[in-house]
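Proteins come first, then strands; the chains are lettered A, B, ... in the order of their sequence lines, and each starts at number 1.
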Amino acid sequence: MSIDYKYLSELLFPDVTMTEEELLAKYPPRNLPEGAKVTRFAPSPTGFVHFGGLFPTLVSERLAHQSGGVFYLRIEDTDSRREVEGAAGALVKTLAHYGIHFDEGVTVDGEAGDYGPYKQSERADIYHVFAKRLVAEGRAYPVFSTDAELEEIKTADKKAELKAVNWETDADSRREAMLARRNFTVEDVERELAAGHKFALFAIAEGDGTRKRKVNDLVRGDLLLPENDEDVVLLKSDGIPTYHFAHVVDDHLMGTTHVVRGEEWLPSLPKHLQLFSYMGWKPPKYIHISQIMRQDADGSKKKLSKRDMGANLDDYSRLGYSPRVVIEYVMTLLNSNFEEWRAQNPDRDYTEFPFNVKKMSSSGCLFDMKKLDDVAKNVISRMSAEDVYAQLCGWAEKFEPDFARRLSDKDYALQIISIGRGGKKPRKDYGTWVELYNYMSPFYDETFAVEDEYPENVSRADIKSALTSFADSYDENDDAGAWFEKIKSICAPLGYCADMKEYRANPDAYKGSVADVSMMIRVAVTGRLNSPDLYTVMHILGRERSISRIRDMINKL
RNA sequence: GGCCCGUUGGUCAAGCGGCUAAGACACCGCCCUUUCACGGCGGUAACGCGAGUUCGAUUCUCGCACGGGUCACCA
C-alpha cells in the first residue's frame with residue numbers, strides 16, 4: 001500500500017502554514033559586487049573560543065572582507081544540552097579582542113542584519129517549512145520514540161555504548177535497522193501521534209555507497225567521495241534540526257558562498273551535498289581545513305584539545321600575548337607565503353596581505369610554542385613604545401594591578417620601553433607582557449630584588465672595592481664613553497684587565513676582565529646578571545637610586 | 001573494521017617531470033660585544049617503503065606502511 005505523502009506531511013506538520021515561496025521572499029539574493037564572498041562563523045555556544053577555531057574564522061573573515069563581501073556570525077545552538085549560558089556574547093567579545101568583527105549576525109546584545117534570525121534555536125519554523133516539503137515529496141520520514149526511549153538515547157550510557165560498537169560486525173545490522181525504520185504506514189503514524197509520541201525526521205538516502213563522486217574542495221582539489229547511503233536525521237524529536245539540515249537551509253537562505261570548516265566535516269560532505277540536491281539548491285564552495293595538532297608525550301600527534309595549554313584563547317591574554325601576535329602566528333600557519341610577505345612589508349597591517357586559498361596547506365600542523373614566541377618578539381619589536389605601553393597597561397590592570405599603578409608614571413615607563421626600540425633593526429627582548437613585566441621589574445623599587453648571586457669564585461673584597469670606587473667616581477653627566485672609561489680605570493688596581501682583546505689573548509695574567517667588573521656593578525644595580533645596557537639603566541633609575549643600591553650591596557657583602 | 005584525508009629536515013613549509021631540494025623556527029659553531037640578548041656569518045638535518053609510467057621521478061599511477069579524521073535524535 002502506497003503512502004499519501006502530501007497527507008503525511010500535513011499530519012506531521014499541521015502548524016506549518018507558510019509556503020516556501022513566502023519564506024524565500026524574505027531571503028532575497030544579496031546585492032553584492034561581482035566576486036564578493038559571503039562567509040560565516042558558525043560555532044555552537046559550548047564555552048570558550050578554541051585556538052583551533054581561529055583558523056576557519058580568520059580564513060572566512062579574510063575571504064569575505066578582502067572581496068568586499070559579508071562576514072556574519074550564526075550561532076548553532078541546536079543542542080540545548082551542550083549550551084553554555086552567555087557563551088555567545090563572550091565569543092563575540094573575544095573575537096573582537098582579536099580584531100575580528102562581523103558585518104551581521106548575533107551581537108553582544110542582540111542581532112543585526114536582514115537575514116536572521118541568526119540563532120538556529122529561533123529558526124525552528126523555517127526548518128519545518130522545508131522539512132514538510134521533503135515529507136510531501138516522499139524524501140523524509142518520521143521515526144517515533146516514546147519519552148522513555150528518548151531519555152535512553154540521550155543519556156551518556158547510550159552514547160558510550162554507541163561508541164563501543166564493533167564496527168566490523170555492526171555495519172549490516174545498522175543497515176537493517178535503517179531499512180526497517182523506513183517501513184511504516186500512515187495508520188502507524190496516526191496512532192503514534194495520537195499517543196503523543198515525538199518523532200525525529202530522517203531523510204531517505206538515495207545514494208549508492210559503492211559509487212564515488214567527484215567533489216571539489218577549494219584547498220584540496222577534486223576529492224572522490226562515496227555517495228551518501230545513510231539516512232540523515234533532519235529534525236530531532238524536539239523539532240530542532242541537526243547540524244546537517246541547519247547547515248543546508250541556513251547557508252542557502254543567508255546566501256553563504258564559501259563554507260570554511262574543519263576537516264572533520266569531510267566525511268559528512270556527501271550528506272550535505274545530497275540535501276542540497278534534494279532541496280534543488282546550489283551548494284556553496286567548501287574549504288575544509290586541517291586540524292591543529294599537538295605533540296603528545298609519547299611523540300604521537302593529538303588534536304589540540306580543550307585541556308591543552310594554548311587551546312583556550314583566553315590563555316593568551318593571561319600569558320600576555322598581544323592579540324596581534326596570535327593573529328600573526330595564525331596567518332603564518334594559514335598562508336605559506338605570509339612570512340615572506342611580512343619580511344618585505346614589516347610595517348603593513350596583516351589585512352593588507354593578499355590572502356590566497358591556494359597557499360593553504362591541506363596537511364595538519366603541530367602547534368609550536370617556540371615559533372609563537374619568535375613571532376611574538378618580532379611583532380612587539382615593531383610596535384611603537386606608545387602602543388606597547390597601552391597594551392601593557394591593559395594587561396597589567398587585569399593581571400598585575402600593583403604593576404598597573406606603577407605604570408601610571410607614563411614617562412618613566414616609556415623610557416624603559418623605548419630601550420632599543422625604533423630604527424631598522426629594533427631589539428627583540430620580549431614577546432609577551434609577562435616577559436616585559438619581568439624585564440621592567442628592576443626599574444621599580446617595589447619589584448627590585450637581588451635575584452642573582454655573584455659567582456662563588458669572585459672575591460667579595462674585590463667586589464666591595466670595585467663598587468666603592470665606582471660609586472665614588474660616578475658622575476651622572478658623563479657620557480657613555482666617559483662612564484665606561486671610569487669602569488676601565490677601576491680594573492687595573494684590582495688586577496682585572498681593562499681591555500677585552502688583551503684579556504682574551506692572555507687570560508691567565510689577570511683575575512678577570514672589565515666584563516667581570518661590569519658584572520659586579522650590574523648585579524648591584526639591577527639585581528641580575530643580565531640586563532639592558534647598564535649605562536642606560538642607571539640613567540633611567542637616576543643617580544640617587546643607582547648609587548644607593550650600590551651602597552646597599554657594599555653593606556651586605 | 002568500513003570509508004575519507006594526509007605523508008619533504010625536530011617543527012612550519014617552498015616545490016608542481018630534469019633544482020647543488022628554498023626559506024622560517026629550533027639546535028650547534030664562529031664573529032660582534034662591558035653581561036644577557038640583539039645582529040651578522042656559517043653548519044647539522046628531509047622527499048615513509050615497494051612496484052610501475054618515463055630518457056629522467058620529491059613531483060604522475062598503483063600497492064603497502066604510518067598518521068589523522070569519521071561512522072549519534074553532538075556539532
- request: Return the value, rounded to whole Å, for the distance between atom CD of A:Q291 and atom C1' of B:rA75.
  value: 12 Å
message: So if I take every side-chain heavy atom of A:E263 and compare against B:rC25, B:rG68, B:rC3, which nucleotide ends up nearest?
response: B:rG68
- prompt: Is there a side-chain contact between A:N216 and A:L223, using heavy atoms and a 4.5 Å cut-off?
  reply: no
query: If we take the P atom in both B:rU11 and B:rG67, what is their distance in whole Å?
result: 15 Å
task: Scan every strand shown for a Watson-Crick or G-U wobble partner of B:rG42, both distances under 3.5 Å, and answer none if you come up empty.
output: B:rC28
- request: Output the single nucleotide from B:rA37, B:rU35, B:rC3 whose closest atom is nearest the side chain of A:A515.
  value: B:rU35
field: d(NE2, A:H288; P, B:rU70) in whole Å
entry: 12 Å
- prompt: Using purine N1 to pyrimidine N3 plus N6-O4 or O6-N4 for Watson-Crick, or N1-O2 and O6-N3 for G-U wobble, both under 3.5 Å, which nucleotide pairs with B:rU54?
  reply: none
- prompt: Given the P atoms of B:rA72 and B:rC66, what is the spacing between them in whole Å?
  reply: 25 Å
query: Looking for any heavy atom pair under 4.0 Å, which part of the strands does A:R220 touch: base, sugar-phosphate only, or nothing?
result: sugar-phosphate
A:Y350 and its side chain to side chain contact (heavy atoms under 4.5 Å, CB included) partner, picked from A:T332, A:V379, A:L58, A:N345: A:L58
Whole-angstrom distance between B:rC3 and B:rU8, as gauged at atom P: 24 Å
message: Applying a 4.0 Å non-hydrogen cut-off, can you work out what A:K359 is touching in the nucleic acid: base, sugar-phosphate, or nothing?
response: sugar-phosphate
- request: State the pairing partner of B:rU35; accept Watson-Crick or G-U wobble contacts with both distances under 3.5 Å, and report none otherwise.
  value: none
message: I want to verify a distance call: between B:rC73, B:rU34, B:rG69, whose nearest atom is closest to the A:V514 side chain?
response: B:rU34
message: Let's test this: given Watson-Crick or G-U wobble pairing with both distances under 3.5 Å, identify the partner of B:rU59.
response: none
task: In whole angstrom, give me the gap between the C1' atoms of B:rU53 and B:rC62.
output: 11 Å
- prompt: Just how far, in rounded Å, is P of B:rC38 from CZ of A:R382?
  reply: 15 Å
- prompt: Which value, in whole Å, describes the distance between the C1' atoms of nucleotides B:rA45 and B:rG40?
  reply: 22 Å
- request: Step by step, work out the salt bridge (charged side-chain N to carboxylate O under 4.0 Å, His left out) result for A:K198 and A:D238.
  value: CA-CA 7 Å; A:K198 301 267 187 21; A:D238 57 5; over 6 Å; no
message: Distance check needed: B:rC71 P versus A:K271 NZ, whole Å only.
response: 8 Å
- prompt: Side chain of A:V233: nearest nucleotide among B:rU33, B:rG40, B:rC73?
  reply: B:rC73
- line: Using Watson-Crick geometry (N1-N3 plus N6-O4 or O6-N4) or G-U wobble (N1-O2, O6-N3), each under 3.5 Å, B:rG48 is paired with B:rC64
- prompt: Taking any strand in view, what nucleotide pairs with B:rA21 in a Watson-Crick or G-U wobble way, both distances under 3.5 Å?
  reply: none
- request: Answer yes or no: is there an ion pair linking A:R74 with A:E76, defined by an N-O contact shorter than 4.0 Å?
  value: yes
field: Heavy-atom side-chain contact between A:F470 and A:M520 under 4.5 Å
entry: no
field: Sugar-phosphate, base or nothing in reach of A:R342, heavy atoms under 4.0 Å
entry: nothing
A:D373-A:Y321 side chain donor-acceptor pair, cut-off 3.5 Å: yes
- line: Between CG of A:N335 and C1' of B:rA24 the distance, given in whole Å, is 15 Å
task: Describe the nucleic acid contact of A:S145 in one word from base, sugar-phosphate, nothing, applying a heavy-atom distance below 4.0 Å.
output: base
field: Distance, rounded to the nearest Å, where A:D77 contributes CG and B:rC74 contributes P
entry: 14 Å
query: How far does the P atom of B:rG50 sit from the matching atom of B:rC16, given to the nearest Å?
result: 25 Å
- prompt: Touch check for A:S363, heavy atoms < 4.0 angstrom, all strands: base, sugar-phosphate only, or nothing?
  reply: sugar-phosphate
message: By the 4.0 Å heavy-atom rule, please label A:S381 as base, sugar-phosphate, or nothing.
response: nothing
query: Which atom pair, heavy atoms only, marks the closest approach of A:Q274 to A:G207?
result: NE2-N, 3.4 Å
- prompt: For atom P, what is the distance between B:rU44 and B:rA57, given to the nearest Å?
  reply: 27 Å
task: Report yes if at least one side-chain N or O of A:S361 is closer than 4.0 Å to OP1 or OP2 of B:rA13; otherwise report no.
output: yes
query: Does any N or O donor sit under 3.5 Å from an N or O acceptor when you compare the side chain of A:S237 with the base of B:rC73?
result: yes
query: Looking for any heavy atom pair under 4.0 Å, which part of the strands does A:D373 touch: base, sugar-phosphate only, or nothing?
result: nothing
message: What's A:L224 touching, base or sugar-phosphate or nothing? Going by heavy atoms closer than 4.0 Å.
response: sugar-phosphate
message: Using atom C1' in both nucleotides, what's the gap between B:rC4 and B:rG39 to the nearest angstrom?
response: 48 Å
Validation row, ring centre A:H272 to ring centre A:F276 under 6.0 Å: no
message: Does B:rG39 have OP1 or OP2 under 4.0 Å away from a side-chain N or O of A:K428?
response: yes
- prompt: Contact class for A:I487 (heavy atom, under 4.0 Å): base, sugar-phosphate, or nothing?
  reply: nothing
query: Just how far, in rounded Å, is P of B:rC4 from NE2 of A:H272?
result: 18 Å
message: Below the 4.0 Å mark, does B:rC74 have OP1 or OP2 next to a side-chain nitrogen or oxygen of A:K236?
response: yes
- request: Return the value, rounded to whole Å, for the distance between atom CZ of A:R261 and atom C1' of B:rC4.
  value: 14 Å
- prompt: Closest to the A:T242 side chain: B:rC12, B:rA13, B:rC74?
  reply: B:rC74
- prompt: For B:rG1, which nucleotide in any strand shown is its Watson-Crick or wobble partner with both distances under 3.5 Å?
  reply: B:rC71
field: Proximity to the side chain of A:D79 - top-ranked nucleotide from B:rA75, B:rA14, B:rC25
entry: B:rA75
field: Of the listed nucleotides B:rA75, B:rU34, B:rC5, the one nearest the side chain of A:T78
entry: B:rA75
- request: Tell me which nucleotide among B:rA75, B:rC25, B:rU34 gets nearest to the side chain of A:Y243.
  value: B:rA75
message: Is a donor from one side chain sitting under 3.5 angstrom from an acceptor on the other, for A:D478 and A:Y535?
response: no
Nearest to side-chain heavy atoms of A:K370, which nucleotide of B:rU33, B:rC12, B:rA26: B:rA26
statement: Among B:rA72, B:rA37, B:rG68, the one nearest any side-chain atom of A:R174 is B:rA72
